[in-house]
S.K.: 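What follows is a structure written as structure tokens; I'll ask about it next.
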Amino acid sequence: MRRYSRITGTGSYLPPRRLSNADLVAELATKGVETSDEWIVERTGIRARHFVADGVYSSDLALEACKRALQAAGLQAQDIDLIIVATSTPDMVFPSTACILQNKLGANGGAAFDVQAVCSGFVYALTVADAMIQSGAANKALVVGAEVFSRLLDFNDRTTCVLFGDGAGAVVLEASDIPGILASDLHADGKHVGILCVPGHVANGHILGDPLLKMDGQAVFKLAVGVLESAARATLAKARKTEADIDWLIPHQANIRIMQSTAKKLKLPMEKVVVTVDQHGNTSAASIPLALDAAVRAGQVKPGHTLMLEGVGGGFTWGAVLLTL
Ligand code: UT7
């Protein structure tokens, strides 16, 4: 009998400090940085984001999200034999945030590693976990997206600092005889490294280069719209499904206009698109599992529904996962 992987629990966590656009606009004004609620809402759909307090790291957010996902799946941390954390904001250069999380959870002993594919990180991590479960290399996995992007933001650059937020989302993925993940499709094109990056690095005890986020928003926007459509179509073709089989599209939450455009190209009404960008901002690798968990807990996304998860971001990376919950 073929072995599949299935999501059996979801969880998420947002740090308590919530900044509405008005709060952020007021904070930025004290630095002489001019922006407005109107501009942010009209160009992005974002109304609020959450930022961590000093001393809180990606693994701390991931820990809370994982506890909730484990509870939803009815499992204990010790049942987990694989942890993959998608993050571009690891706690340390090394070891991986997944190892730090594993210890905080008390899930010691199984495999644990990070995946770095920026905003596509969660679909990359889910695809890797699916392959490991299908092959028998793992049985019960925690797949996590966790980010503290507020630490990478240049609060003097209004073109980027209004866009991002912090948070974490997690799923429990288990081996099953019943199909859960149906197909996935991952890509990268490294020639676009420069359009979305944090170019600094650590060397000889110093940070060399710029450790703050740089983005050519328009270039990212144009690429995102094209690849989100192609990845969804390729994934549907692999699963021998069509757009009509999708109950919910859960795209990376970067900009409502990108989501609207993707939905239109896939001939899906916005009623079938999970939207949390208004409340969370862009939380990079955390955005898809955060949106998934919010929709599950709101009773929108239900067992038996077919979901198209789609990520796109720095690298340039993109990908999609089609699954039945
Ligand atoms: O997570 C990875 C994926 N990331 C994304 O998907 C981001 C993709 N890109 C975008 O979402 C959009 O390109 C942005 C939201 C970043 C920018 O929206 P846009 O419609 O492309 O605006 P723009 O960059 O063309 O800027 C338009 C104007 C400019 O002024 P001028 O030159 O027309 O006078 C900007 O200086 O808006 C100005 N502007 C702002 N004004 C007020 C840029 N940022 C702001 C701001 N507040 N925060």
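Counting starts at 1 for both ligands and their atoms, in listed order. Nothing here was measured: the structure is a model prediction, and the numbers come from that model.
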S.K.: Could you identify the single nearest non-hydrogen protein atom to atom 48 (N) of ligand 1 and state the distance to 0.1 Å?
M.R.: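 Sorting protein heavy atoms by distance from atom 48 (N) of ligand 1 puts R158 O, 2.8 Å first.
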S.K.: Would you mind checking which non-hydrogen protein atom is closest to atom 17 (C) of ligand 1, with the distance to 0.1 Å?
M.R.: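 I find the closest protein heavy atom is W39 CH2, 4.0 Å.
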S.K.: Output yes when K104 and D60 qualify as a salt bridge under the 4.0 Å nitrogen-oxygen rule, no when they do not.
M.R.: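 Between D60 and K104 there is a salt bridge, with a charged N closer than 4.0 Å to a carboxylate O.
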S.K.: Please check this pair: side chain of R49 against backbone of D166, looking for a donor-acceptor N/O pair closer than 3.5 Å.
M.R.: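 Flag not set: sc R49 to bb D166 has no pair under 3.5 Å.
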S.K.: Starting from atom 11 (O) of ligand 1, which protein heavy atom do you reach first, and at what distance in Å?
M.R.: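 Here the nearest protein heavy atom works out to N255 ND2, 2.7 Å.
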S.K.: Find all atoms of ligand 1 within a distance of less than 4.0 Å from any non-hydrogen atom belonging to L196, and give their numbers and elements.
M.R.: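 This gives 2 (C) as the contact atoms.
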S.K.: Quiz question for you: does at least one protein heavy atom lie closer than 4.0 Å to atom 20 (O) of ligand 1?
M.R.: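 Within 4.0 Å of atom 20 (O) of ligand 1, protein heavy atoms are found.
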S.K.: What residue and heavy atom of the protein are closest to atom 22 (O) of ligand 1, and at what distance?
M.R.: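 Of the protein heavy atoms, R43 NH1, 3.4 Å lies nearest.
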S.K.: For atom 8 (C) of ligand 1, find the nearest protein heavy atom and state the residue, atom name and distance (0.1 Å precision).
M.R.: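 For atom 8 (C) of ligand 1, the nearest protein heavy atom comes out as G217 O, 3.6 Å.
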S.K.: Heavy atom to atom 18 (O) of ligand 1, shortest distance: which of H252, K222, R257 holds it?
M.R.: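 Among H252, K222, R257, the closest heavy atom to atom 18 (O) of ligand 1 belongs to R257.
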S.K.: Around atom 23 (P) of ligand 1, find the nearest protein heavy atom and jot down its residue, atom name and distance.
M.R.: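 Ranked first by proximity to atom 23 (P) of ligand 1 is Q218 NE2, 3.6 Å.
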S.K.: Is at least one protein non-hydrogen atom found at under 4.0 angstrom from atom 39 (N) of ligand 1?
M.R.: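 Within 4.0 Å: yes, protein heavy atom nearby.
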S.K.: Under 4.0 Å from ligand 1, counting heavy atoms only, is it the side chain of A224, its backbone, both or neither?
M.R.: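 The answer is neither; A224 stays 4.0 Å or more away.
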S.K.: Any salt bridge between K267 and E243, counting N to O under 4.0 Å?
M.R.: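 Salt bridge: no.
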S.K.: May I ask you to decide whether R17 forms a salt bridge with E27, counting only side-chain N to carboxylate O separations under 4.0 Å?
M.R.: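 So R17 pairs with E27 through a salt bridge.
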S.K.: Could you identify the single nearest non-hydrogen protein atom to atom 47 (N) of ligand 1 and state the distance to 0.1 Å?
M.R.: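 Going by distance alone, atom 47 (N) of ligand 1 is nearest to T35 OG1, 2.7 Å.
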S.K.: Can you find a side-chain donor-acceptor pair between H305 and W248 that sits under 3.5 Å?
M.R.: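 H305 vs W248: donor-acceptor pair found between side chains.
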S.K.: Do you see a donor-acceptor pair shorter than 3.5 Å between the side chains of S58 and T89?
M.R.: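 Indeed, the side chains of S58 and T89 share at least one donor-acceptor pair under 3.5 Å.
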S.K.: Just by distance, with hydrogens left out, do S12 and D293 show a side-chain donor and acceptor under 3.5 Å apart?
M.R.: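 Side-chain D/A pair, S12 to D293: present.
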S.K.: Can you list the ligand 1 atoms lying under 4.0 Å from a non-hydrogen atom of C119?
M.R.: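 It comes down to these atoms of ligand 1: 1 (O), 2 (C).
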S.K.: Among protein heavy atoms, which lies nearest atom 3 (C) of ligand 1, and at what distance?
M.R.: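 Looking only at protein heavy atoms, the one closest to atom 3 (C) of ligand 1 is V220 CG1, 3.7 Å.
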S.K.: Under a 4.0 angstrom heavy-atom cut-off, which atoms of ligand 1 come close to N282?
M.R.: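 What qualifies from ligand 1 is 1 (O), 2 (C).
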S.K.: List every atom of ligand 1 that sits less than 4.0 Å from any heavy atom of T44, numbering the atoms from 1 in the order shown and giving each element.
M.R.: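 Atoms satisfying the 4.0 Å criterion: 15 (C).
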S.K.: Pairs of nitrogen or oxygen atoms closer than 3.5 Å, one from S36 and one from ligand 1: do any exist?
M.R.: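 No.
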S.K.: What's the verdict on salt bridge (Lys or Arg N to Asp or Glu O under 4.0 Å) for R6 and E174, showing C-alpha distance, side-chain angles and the deciding distance?
M.R.: CA-CA 5 Å; R6 264 188 103 81; E174 293 189 59; over 6 Å; no
S.K.: Can you check whether a protein heavy atom sits less than 4.0 angstrom from atom 32 (O) of ligand 1?
M.R.: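 No, there is none.
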S.K.: Answer side chain, backbone, both or neither: which part of I258 comes under 4.0 Å from ligand 1, heavy atoms only.
M.R.: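 I258 to ligand 1: side-chain contact only, backbone stays beyond 4.0 Å.
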S.K.: Using the ring of F221 (Phe, Tyr or Trp, six-membered ring only), decide whether R43 places NZ or CZ under 6.0 Å from its centre and within 45 degrees of its axis.
M.R.: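 Because its charged atom misses either the 6.0 Å distance or the 45° angle limit, R43 does not stack over F221.
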S.K.: Side chains of L196 and K214: closer than 4.5 Å at any heavy-atom pair?
M.R.: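 They are not in contact (no side-chain heavy atoms under 4.5 Å apart), so the answer is no.
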S.K.: Do D185 and K238 sit within salt-bridge range, that is, some charged N less than 4.0 Å from a carboxylate O?
M.R.: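 Counted as a salt bridge, because a side-chain N and a carboxylate O are separated by less than 4.0 Å.
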S.K.: Are T87 and D114 close enough that a side-chain donor and a side-chain acceptor fall under 3.5 Å?
M.R.: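 There is no such pair (donor and acceptor under 3.5 Å, judged by atom type) between the side chains of T87 and D114.
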S.K.: Which is it for V162 and ligand 1 at heavy atoms under 4.0 Å: side chain, backbone, both or neither?
M.R.: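 For V162, the contact with ligand 1 is made by the side chain alone.
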S.K.: May I ask whether atom 29 (C) of ligand 1 is less than 4.0 Å from at least one protein heavy atom?
M.R.: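 So atom 29 (C) of ligand 1 lacks protein heavy-atom neighbours under 4.0 Å.
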S.K.: Would D157 and T160 count as having a side-chain donor-acceptor pair, cut-off 3.5 Å?
M.R.: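 D157 vs T160: donor-acceptor pair found between side chains.
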